[in-house]
Amino acid sequence: MSDSNPSPASVLSRRLVVAGATGLAAAGVLGMWGDVGRAAAATTDVPEATLTDLAPASRALTFGNGVRIGDEIWFVTRQILPTKVAAYDLTQGRITKTAVIPDVPGLWGADVVGTDLYVSSYSPGRLFRIDTVTLEVERLVDLAQEVGWTVKASPDGRVFVGTYPGAQLWEYDPATAQATNHGRMDDDDQYVRDLVASQTTVYCGIGSRAGLVAFDRASGDRTSILPAELASRTFGAICHLAGDTLVVGISPTAEVLVMDTRDPSSYQILQTPNDSFLVGLTSEGDQVWYATRPSGSLYRFTVGDTEPTLVGIPVAEASNLRLGLLPDGRLWSVTSAGGIFYDPATSTTEAMDMTTPDLEPMPERPMSLLYAGDRIVVGGSLGVQVTSTHNPPAFASHRVPFGGEAKDMDTRDGTVYLGVYTLARLLRMPTDGRQATEVARVAEEYEQTRPTALVVDRRRNLVLMSTEPDYGRWEGALNIYDGRRFRSYRGVLPDQTVQSVWPETRGVYLGGSINNGFGTTPTTTGAKLGYFDHTTRTMSWIIEPTAGTVIQDLKMVGRVLVGSTVEGELFALDATTRAVLWQVDTGVAGGKLAVIGDRVFGTDRSRLWSVTVGHTRPALDVLASGLNQSWFGAPEVVTDGTSTLFTTRGLNLVRVDLS
């Protein structure tokens with residue numbers, strides 16, 4: 001399941017304003033705060049720093065879906081700008097057409113009616129039509145949703161769209177240009193993650209608590225048809241019709257539900273061992289093919305079989321987003337990184353040639369940032385970008401590819417450690433290397449999926465990685481790797497995700513988020529801060545030092561612990577007494593921090609700022625403004641530790657010289 005969603009902080013967080021003693025007492029921190037209140041920091045007039053553009057922070061070519069139209073396979077991009085659709089011509093063996101989809105950062109759903117391609121976008125959710133002959137692009141429907149997850153056409157030429165976070169089903173009639181919102185398909189969940197439509201019924205895969213809904217097109221009635229034994233799963237993640245047989249991929253167990261649509265009580269559940277997701281599904285007659293993640297395996301079964309047959313592993317860790325069969329018996333697949341052909345008869349794989357001036361790697365929104373000596377490492381989709389810190393550059397910027405997204409990173413002794421989504425994996429690579437390898441991953445029993453922070457504890461030589469739980473699940477975890485063992489401690493901050501970490505002599509400071517897995521509703525109102533003791537392997541204490549909902553980052557400056565919240569608050573805590581020393585507004589959003597001496601630096605997506613940390617409320621120094629940053633997650637600043645910062649301006653990596 002790819003991470004096209006914005007970060008949980010940007011989706012679910014809300015600003016909480018605490019006023020007066022009543023509010024402080026309700027938050028449970030009156031005695032600790034005393035008369036300390038939140039206030040805007042005085043802004044001092046300092047010369048703006050010198051910013052030097054280095055290169056696009058990250059460049060990638062990533063795809064969200066695709067569909068075959070005659071002799072063309074159409075790809076749709078995500079996470080890169082500008083957003084495009086492109087046609088791979090099967091007869092010519094190359095990309096022959098491209099078109100730009102305006103004003104959206106990426107596409108998810110794709111299907112076809114005649115020669116028209118219909119695609120759905122995210123942030124915001126919209127439905128577009130592309131005439132694949134003339135390349136005319138038309139925006140059809142504003143879905144009033146954050147994501148249009150899936151688009152599927154019915155046999156009679158209607159176009160259906162499933163959405164997040166309203167779990168809505170939309171219908172568009174190309175003949176009349178009428179759009180109809182059929183409303184929520186599940187009253188308690190947020191995703192119509194996939195769907196498939198027959199002449200009479202639309203079958204909707206629901207998440208983040210797995211569901212399967214049959215929507216009657218004539219009456220508008222909804223009927224839940226998910227077998228009870230699958231109710232504990234997270235998603236009905238992918239849906240397909242093979243004649244009268246409905247095939248649904250179930251997450252996170254990669255089970256395959258095979259159901260007779262004429263009698264939903266007649267079904268089978270096929271097991272796919274050692275995998276988590278079905279990511280591609282197609283059929284011919286009663287023979288069904290599907291692909292899985294993370295193994296990249298390809299399976300086949302005939303309706304009525306009790307277990308699938310492993311055909312091969314065309315591309316390890318491939319995220320096959322769409323599968324189809326060609327007349328010559330080969331399968332085609334749209335993956336996150338491109339397209340492939342697979343010949344089951346010979347077990348051979350061939351990559352589609354995606355090279356064209358109109359479809360090159362393009363700037364993407366960065367996800368994480370790391371200073372590593374003479375280079376900056378930027379986390380993005382399907383890998384990291386490595387760029388020289390110098391101008392002119394000491395080496396050419398290059399990509400280190402791997403499956404997943406690096407949500408946070410740290411380095412020690414010539415090794416970069418990366419916390420990677422999905423499946424909460426820990427990877428490492430040499431600082432000057434071109435390949436990343438998996439070290440460990442959080443065990444399935446802990447139900448974690450998304451790293452939120454990663455810090456190397458240099459005193460103890462430990463890698464500390466915090467994680468968010470899987471979709472629809474509760475309570476994040478602190479994960480500790482000592483070079484041999486990988487231990488996970490789930491629920492150390494009750495009912496919250498562990499969002500940030502900072503090592504200390506005998507333990508680890510943990511900053512929380514009221515948000516749990518995507519699709520859940522917070523049960524707490526303020527982000528917690530706690531201390532995990534290495535000796536007892538338990539929490540020594542937990543407090544609520546802020547009215548903020550997410551503590552994005554923690555840094556120690558002397559004996560003052562500084563934290564930033566998603567709402568744009570910087571707070572300071574006396575590390576000895578745990579008393580809150582001060583709180584200041586730093587802007588419209590809070591992100592990850594950098595430290596040089598007694599100064600802390602951050603950005604709110606527009607301004608680069610610093611404060612001098614002590615026991616009294618500091619003034620805010622604005623070092624640069626108008627940055628117009630476009631992060632996929634929290635904005636971030638990193639430093640060489642002496643006189644230079646690195647952050648972004650627009651989609652570019654910039655060097656900030658302070659001296």
Side-chain angles (χ1 to χ4, degrees), residues 24-34 36 408 410 419 442 446 448 451-469 474-482 485-516 523-565 569-583 593 595 613 615:
L24 297 180
V29 292
L30 176 59
M32 182 178 62
W33 279 15
V36 176
D408 201 13
D410 203 355
V442 179
Y446 297 108
Q448 304 293 295
T452 53
L454 187 149
V455 176
V456 174
D457 181 344
R458 287 163 174 78
R459 295 185 189 92
R460 294 173 171 265
N461 199 24
L462 302 174
V463 178
L464 310 172
M465 185 174 80
S466 58
T467 53
E468 172 189 297
W474 295 86
E475 296 187 326
L478 169 66
N479 309 278
I480 302 175
Y481 177 65
D482 65 6
R485 297 186 61 184
F486 190 72
R487 296 183 175 94
S488 297
Y489 303 90
R490 181 181 179 182
V492 291
L493 293 179
D495 297 321
Q496 295 198 356
T497 288
V498 185
Q499 185 72 28
S500 49
V501 299
W502 189 254
E504 201 267 344
T505 306
R506 296 181 301 276
V508 188
Y509 291 107
L510 305 179
S513 163
I514 69 169
N515 306 313
N516 290 274
T523 58
T524 56
T525 57
K528 300 180 187 297
L529 174 69
Y531 184 81
F532 178 88
D533 190 295
H534 283 306
T535 302
T536 64
R537 297 178 184 171
T538 60
M539 299 299 293
S540 296
W541 49 262
I542 299 175
I543 60 175
E544 289 187 16
T546 172
T549 59
V550 180
I551 298 176
Q552 295 278 43
D553 201 10
L554 294 168
K555 291 287 191 292
M556 185 71 80
V557 181
R559 293 303 298 163
V560 176
L561 182 67
V562 179
S564 62
T565 73
E569 171 191 282
L570 192 73
F571 66 89
L573 205 74
D574 186 304
T576 303
T577 66
R578 301 199 293 276
V580 175
L581 301 172
W582 46 260
Q583 298 167 305
L593 307 171
V595 177
V613 175
H615 279 64

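Note that these values count all heavy atoms, side chains included, but never hydrogens, waters or copies made by symmetry. All residue numbers refer to positions in the sequence shown, counting from 1. Everything numeric here is computed off the predicted structure, so don't read it as measured data.
Using modelled atom types, one side-chain atom of Arg460 and one backbone atom of Thr505 make a donor-acceptor pair closer than 3.5 Å. The backbone N or O of Ala477 lies less than 3.5 Å from no partner atom in the side chain of Arg490, so there is not a single donor-acceptor pair. Looking only at distances, no side-chain donor or acceptor of Asp410 sits under 3.5 Å from a matching main-chain atom of Val455. Panel note: side chain Gln496, backbone Lys528; a donor-acceptor pair is recorded below 3.5 Å. In this structure a side-chain-to-backbone donor-acceptor pair under 3.5 Å is missing from Ser488 to Val442. Within the 3.5 Å criterion, the main-chain N or O of Arg559 finds no donor-acceptor partner in the side chain of Thr576. Ser540 places no side-chain N or O within donor-acceptor distance of the main-chain N or O of Phe532, the cut-off being under 3.5 Å.
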Inset, instruction - Verify side chain to side chain donor-acceptor pair (under 3.5 Å) between Asn479 and Thr467, making sure each step is shown before the conclusion. - result: CA-CA 8 Å; Asn479 309 278; Thr467 53; 3.1 Å; yes
Legend entry - Test side-chain contact (heavy atoms from CB on, under 4.5 Å) applied to Arg487 and Tyr481, step by step: CA-CA 7 Å; Arg487 296 183 175 94; Tyr481 177 65; over 6 Å; no
Legend entry - Test log, rule side chain to side chain donor-acceptor pair (under 3.5 Å), inputs Asn516 and Thr497: CA-CA 5 Å; Asn516 290 274; Thr497 288; 4.6 Å; no
Legend entry - Intermediate values then yes/no, side-chain contact (heavy atoms from CB on, under 4.5 Å), Thr538 and Val492: CA-CA 7 Å; Thr538 60; Val492 291; over 6 Å; no
Legend entry - Verdict with supporting geometry, Leu554 and Val562, side-chain contact (heavy atoms from CB on, under 4.5 Å): CA-CA 6 Å; Leu554 294 168; Val562 179; over 6 Å; no
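Contact of the Asn515 side chain with the Val550 side chain is registered, since non-hydrogen atoms from C-beta on lie closer than 4.5 Å. Taking the side chain as every heavy atom from C-beta outward, Glu569 and Thr546 approach each other to under 4.5 Å. Side-chain contact between Trp582 and His615 is absent, with no heavy-atom pair separated by less than 4.5 Å. The closest side-chain heavy-atom distance from Leu510 to Trp502 is not below 4.5 Å. Put simply, the side chain of Lys555 reaches to within 4.5 Å of the side chain of Asp553, judged on heavy atoms. Between Asp482 and Val463 there is no side-chain heavy-atom pair separated by less than 4.5 Å. Counting heavy atoms from C-beta outward, Tyr509 and Met556 have side chains that approach closer than 4.5 Å. Two residues are said to be in side-chain contact when any heavy atoms from C-beta on lie closer than 4.5 Å; Thr524 and Pro494 fail this criterion.
For Ile480 against Tyr489, the heavy-atom pair with the smallest separation is CD1-CE1, 4.0 Å. The two residues Gly512 and Ala527 have their closest heavy-atom pair at O-CB, 3.4 Å. Scanning all heavy atoms of the two residues, the minimum distance from Leu581 to Leu573 falls at CD1-C, 4.1 Å. The minimum heavy-atom distance between His534 and Asp457, with the atom names listed, is NE2-OD2, 4.1 Å. Smallest separation of non-hydrogen atoms from Pro545 and Val580: O-CG2, 3.8 Å. Residue Gln499 comes nearest to Ser513 through the heavy atom pair OE1-CB, 3.7 Å, listed as atom of the first residue, atom of the second, then distance.
The distance from atom CD1 of Ile551 to atom OG1 of Thr452, rounded to the nearest 0.5 Å, is 12.0 Å. Between the OG atom of Ser466 and the CG atom of Leu454 there is a distance of 8.0 Å, given to the nearest 0.5 Å.
Each of Asp495, Leu493, Thr549 was evaluated against Ile514; a single residue qualifies, Thr549, per the side-chain contact (heavy atoms from CB on, under 4.5 Å) test.
Heavy atoms of other residues, nucleotides or ligands lying less than 6.0 angstrom from CZ of Arg459 number more than 12.
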